2 protein chains.
Amino acid sequence: MGDRASAIAKLAEVFRERGYEGASLALMSRATGLGKGSLYNYFPGGKDEMADAVIDQISGWFEEEVFTSLRSDLVPADAIMLMIERVDTYFRSGRRTCLVGNFALGDSRDRFSQVNAYFEVWKEALAQTLVRAGRSKVDADAAAEDAIAGIQGALVAARALNDPELFGRVLRRIERRLMDQCLAIHARI
Amino acid sequence: MGDRASAIAKLAEVFRERGYEGASLALMSRATGLGKGSLYNYFPGGKDEMADAVIDQISGWFEEEVFTSLRSDLVPADAIMLMIERVDTYFRSGRRTCLVGNFALGDSRDRFSQVNAYFEVWKEALAQTLVRAGRSKVDADAAAEDAIAGIQGALVAARALNDPELFGRVLRRIERRLMDQCLAIHARI
DNA sequence: GTCTATACAGCGATAGAC
DNA sequence: GTCTATCGCTGTATAGAC
């Protein structure tokens, strides 16, 4: 059912721009071109199930396009460059925000367990890549935390400052720091 | 009117935890112990004026406790250490989120011009401190962006991962990088 | 200034015709 | 499967008694 998938993608943009509470069925009906009745046919569980489906689709995209590459047998540095590139594409170079991050800040976090999982899986996949590059687990975890926090914060700041290009600038520096982690053999500052 | 100020502080926690849309008058009435009628007596403009007052109070706190120190004649490194300490205190070591960042992610950003100002002023004050420490404007801007994005992202990640201590860890590494910027005289990698 | 009562619009959700 | 009509409820906001 490609139809359902495309409906979910449209719902995602509504949730992304308005947050969980701000995303009304009226808006979602307009965005998808489906009446409320049809929405409830696709998602019998109502708004909650819609949000669930949206987060799952997003998680699935990151799993396929980002996390899988990190876990592949690519050279760590290449895997990370690919991650950065895909992230930049996904967030439209700072013109899109992170729905999962948005949910995380509110009380929606507690309703949707996938919020925690999304960050957990990402952090672990990135840290493992850095371990493959020769870092200790402790250093790798630290660098992964910094990178993921940096990306999320860059999305917040870019939107707050109305400066999408800030995202690209910060992202490039995050990439550089991760590459340094790949090159430096030893250290432990 | 200290009464109004303490009401605003309580309203702030509701907005912080539920976002603009999720913060209902019923919740705010309970949080403040004031009836709806009284809330409208304090804030004739309704919910919008409440949110306005909340953001202003937060901006005021940061102005007094953080930005002013950055602009003072303190040694840059000391000013930055003070900033980090106050930020850690304010966000209760990762157990509190940033209301302004939360608003920035949603459509509330466009309703409240102070969201933009909050980040703008912070970034500029921090960058100026780094310039005082001998950095070029370009390098200072970059480091300030990284630091502010890092802080915001750390709040998102800490909450998403249910790991408040992540905030302290990331914050310490941000501090270290800022201190490095103070020490290095030249560079331009 | 505080409260309770209430107006009325919009919410999520459901029913039922087609 | 799609729509429209409608339910019951909660939302913001206001009126008016005290």
Side-chain angles (χ1 to χ4, degrees), chain A residues 1-57 99 102-103 105-112 114-115, chain B residues 1-57 99 102-103 105-112 114-115:
Chain A
M1 248 197 218
D3 222 17
R4 196 183 132 102
S6 89
I8 294 174
K10 285 167 189 158
L11 293 178
E13 296 315 310
V14 181
F15 280 116
R16 195 192 304 281
E17 284 159 24
R18 323 279 299 215
Y20 181 79
E21 320 265 2
S24 72
L25 290 185
L27 281 170
M28 299 199 273
S29 175
R30 223 177 321 138
T32 55
L34 295 168
K36 293 186 194 181
S38 300
L39 282 175
Y40 273 86
N41 178 54
Y42 281 90
F43 310 98
K47 195 174 170 179
D48 261 49
E49 191 178 333
M50 297 179 210
D52 252 319
V54 162
I55 307 179
D56 284 344
Q57 194 186 67
L99 182 149
N102 189 333
F103 275 30
L105 280 182
D107 56 325
S108 316
R109 174 199 61 167
D110 308 307
R111 208 194 310 257
F112 302 102
Q114 308 107 305
V115 170
Chain B
M1 248 197 218
D3 222 16
R4 196 183 132 104
S6 88
I8 294 174
K10 285 166 189 158
L11 293 179
E13 296 315 310
V14 182
F15 280 116
R16 195 192 304 281
E17 284 158 24
R18 323 278 301 214
Y20 181 79
E21 318 266 3
S24 72
L25 291 185
L27 280 170
M28 299 198 274
S29 176
R30 223 180 316 142
T32 55
L34 294 168
K36 294 184 194 181
S38 299
L39 283 175
Y40 273 85
N41 178 53
Y42 281 89
F43 310 97
K47 195 175 171 178
D48 261 50
E49 191 178 334
M50 298 180 208
D52 252 319
V54 162
I55 307 179
D56 284 343
Q57 194 186 67
L99 182 149
N102 188 333
F103 275 30
L105 281 182
D107 56 326
S108 315
R109 175 199 60 166
D110 307 307
R111 206 194 312 257
F112 302 103
Q114 309 105 306
V115 169

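None of these values were measured; they are calculated from a predicted model. Naming convention: chains lettered A, B, ... in sequence-line order (proteins, then strands); numbering from 1 in each chain.
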Query - Nucleic acid contacts of residues 24-40 of chain B, taken as heavy-atom distances under 4.0 Å to DNA chain C - result: B:G33, B:L34, B:G35, B:G37, B:S38
Could you give the [atom1]-to-[atom2] distance, from [X] to [N], as a whole number of Å?
| X | N | atom1 | atom2 | value |
| --- | --- | --- | --- | --- |
| A:K47 | D:dT10 | NZ | C1' | 13 Å |
| B:Y20 | D:dG11 | OH | P | 14 Å |
| A:R4 | D:dG1 | CZ | C1' | 14 Å |
| B:M50 | D:dA13 | CE | P | 7 Å |
| B:N41 | D:dA13 | CG | C1' | 14 Å |
| A:R18 | D:dG11 | CZ | P | 18 Å |
| B:L11 | D:dT12 | CG | P | 12 Å |

Report task. Please identify each residue that fulfils side chain to side chain contact (heavy atoms under 4.5 Å, CB included) with B:K10, with sequence neighbours left out. Result -> B:S6, B:T32
Query raised in the report: For B:A53, what residues pass the side chain to side chain contact (heavy atoms under 4.5 Å, CB included) criterion, not counting sequence neighbours?
Result: B:R4, B:I8, B:F43
Report task. Describe, in one word, how the ring planes of B:F103 and B:Y20 are oriented to each other, choosing from parallel (under 30°), tilted (30 to 60°) and perpendicular (over 60°). Result -> perpendicular
Query raised in the report: Of all residues at least two apart in sequence or in a different chain, which pass the salt bridge (Lys or Arg N to Asp or Glu O under 4.0 Å) check with B:E13?
Result: B:R16, B:R96
Query raised in the report: Who pairs with B:D107 by salt bridge (Lys or Arg N to Asp or Glu O under 4.0 Å), at least two apart in sequence or on another chain?
Result: A:R18
Query raised in the report: Can you name the ring-ring contact (aromatic ring centres under 6.0 Å, His included) partners of B:Y40, sequence neighbours left out?
Result: none
